Trainee: 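One structure is given below, represented as structure tokens, and several questions about it will come after.
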Amino acid sequence: MAFLLVSAYLLLTHTQGAPVENGALLETLKSQVGLFSNKSEHYSAQVRPPGTSRQIPQTIIIGVRKGGTRALLEMLDIHPNIVVAATEVHFFDWDENYVKGIDWYRSLMPFSYGNQITIEKTPGYFTSPQAPERIHDMNSSIKLLLILRDPTERVVSDYTQVYYNRVESHKPVQLFEDIVIKNGALNTKYKAIQRSLYDVHMEKWLKLFNLDQIHIVDGNTLIKDPLPELQKVEKFLNLPSRIMSSNFYFNQTKGFYCIRSDGRERCLHESKGRPHPVVNNTVLEQLYSYFREHNAKFYRMVNHSFDWH
Ligand code: A3P
């Protein structure tokens, strides 16, 4: 109930605010009118700076939705050898975009210099049935980044995002517990639960890509201590170490790390890092136990364990 009240309050105070991540339209508009405050603003410009060109991404952040994909992208954007696509492109997971072809895809990328890597992120790729094969067809030796967090936490985060979207568009909302439990049992058909079955999705990627092409970022660690996770990515991408501890500061009000780069300080959009509802313990336990076996299978697949419930 407290969560519902807090949300109603937030809705009232945020009616002017931007829609959340899947408001790709807003981001597209912003990039078109040059409203981005970070480095990508420069490269997204319609006028090509001399010596630059638009490149098909050499690296893609494939997901997972609510794993911390935006934080990862924005933090990597600090690196001078990285340029990022401002919008979620949805090229490989949405048929209506895929049919537009690779030149359309390239046209959405920022301008870059020869020594820079272009990165795009579309969290929907990880769980998309078509994305692995389509990405493989484009570049079978591409390097992929996948950021994951505790699967139960991810379900709650996914619910929270949909919840706020519905509140903002005046649609009815349901309590977390009422969606997750149906007729006394866990509703495993709930999309947010399906998306957290990391082993199921990973299997499709590993049929086409070698494990050493996919670097997994620990989303829980990225929240608590971003630098070491980013340094691992720099290594994976064979880039010199350029991201420093001075690029981050902890913002007490937001409760998350924010970015200091190019003489400016900025936190992620308010839709990132919102309070989650307090979930009934029994329901949480049901989720933990449902994911346990899937997690164990995932750890075996990737030869790595995570600190998940
Ligand atoms: P919550 O909003 O549920 O806390 P994505 O960008 O893939 O949608 O992931 C969103 C999640 O990124 C947020 O989920 C938040 O926990 C996490 N995150 C990681 N680092 C963050 C940061 N520095 N600022 C805000 N959110 C961050």
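All values derive from a computational prediction rather than experimental measurement. Remember, it's 1-based here, ligands and their atoms both numbered in the order they're listed. Numbers for residues simply follow the sequence, beginning at 1. The figures here come from the full heavy-atom set of this structure, side chains too, leaving out hydrogens, waters and symmetry mates.
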Trainee: Counting only heavy atoms closer than 4.0 Å, does ligand 1 sit against the backbone of Met75, its side chain, both, or neither?
Mentor: side chain

Trainee: For Gln161, is the nearest heavy atom under 4.0 Å from an atom of ligand 1?
Mentor: no

Trainee: Can you spot which of Glu88, Glu120, Arg134 makes a side chain to side chain donor-acceptor pair (under 3.5 Å) with Tyr125?
Mentor: Glu120

Trainee: Could you label the plane-to-plane angle of the Tyr257 and Phe250 rings as parallel, tilted or perpendicular, counting under 30° as parallel and over 60° as perpendicular?
Mentor: perpendicular

Trainee: Hey, are Asn220 and Glu153 close enough side-chain-wise for a donor-acceptor pair under 3.5 Å?
Mentor: yes

Trainee: Can you tell if the side chain of Asn81 reaches within under 4.5 Å of the side chain of Pro240, non-hydrogen atoms only?
Mentor: yes

Trainee: Does Gly273, backbone or side chain, put an N or O under 3.5 Å from an N or O of ligand 1?
Mentor: yes

Trainee: So for Glu153, does at least one of its heavy atoms come nearer than 4.0 angstrom to any atom of ligand 1?
Mentor: no

Trainee: Say whether Tyr257, considering both its backbone and side-chain N or O atoms, lies within less than 3.5 Å of an N or O atom on ligand 1.
Mentor: yes

Trainee: Checking Gln194 against Lys189: is there a side-chain donor and acceptor pair closer than 3.5 Å?
Mentor: no

Trainee: Looking at Ala71, which atoms of ligand 1 are within less than 4.0 Å of one of its heavy atoms?
Mentor: 19 (C), 20 (N), 21 (C)

Trainee: For Arg65 and ligand 1, does the shortest N/O to N/O distance drop below 3.5 Å?
Mentor: no

Trainee: Going by distance only, is there an N or O of Lys254 that falls short of 3.5 Å from an N or O of ligand 1?
Mentor: no

Trainee: Any idea which part of Arg70 is under 4.0 Å from ligand 1, heavy-atom wise: side chain, backbone, both or neither?
Mentor: both

Trainee: Enumerate the atoms of ligand 1 whose separation from the nearest heavy atom of Ser157 is less than 4.0 angstrom.
Mentor: 1 (P), 3 (O), 14 (O)

Trainee: Please compare His276, Glu229, Lys272 and report which has the shortest non-hydrogen distance to atom 8 (O) of ligand 1.
Mentor: Lys272

Trainee: Within less than 4.0 angstrom of ligand 1, does Ile223 place any heavy atom?
Mentor: yes

Trainee: Has Lys235 got more than 12 heavy atoms of other residues, nucleotides or ligands less than 6.0 Å from its NZ?
Mentor: no

Trainee: Verify whether the ring centers belonging to Tyr198 and His294 lie closer than 6.0 Å.
Mentor: no

Trainee: What distance do Asn251 atom CG and Glu265 atom CD have between them, rounded to the nearest 0.5 Å?
Mentor: 9.0 Å

Trainee: Using heavy atoms and a 4.0 Å limit, tell me yes or no: is Gly67 in contact with ligand 1?
Mentor: yes

Trainee: So which of Ile147, Thr69, Leu268, Leu222 gets nearest to atom 5 (P) of ligand 1, if we judge by its closest heavy atom?
Mentor: Thr69

Trainee: Calculate, to the nearest 0.5 Å, the distance between atoms CZ and OG belonging to Arg65 and Ser157 respectively.
Mentor: 8.5 Å

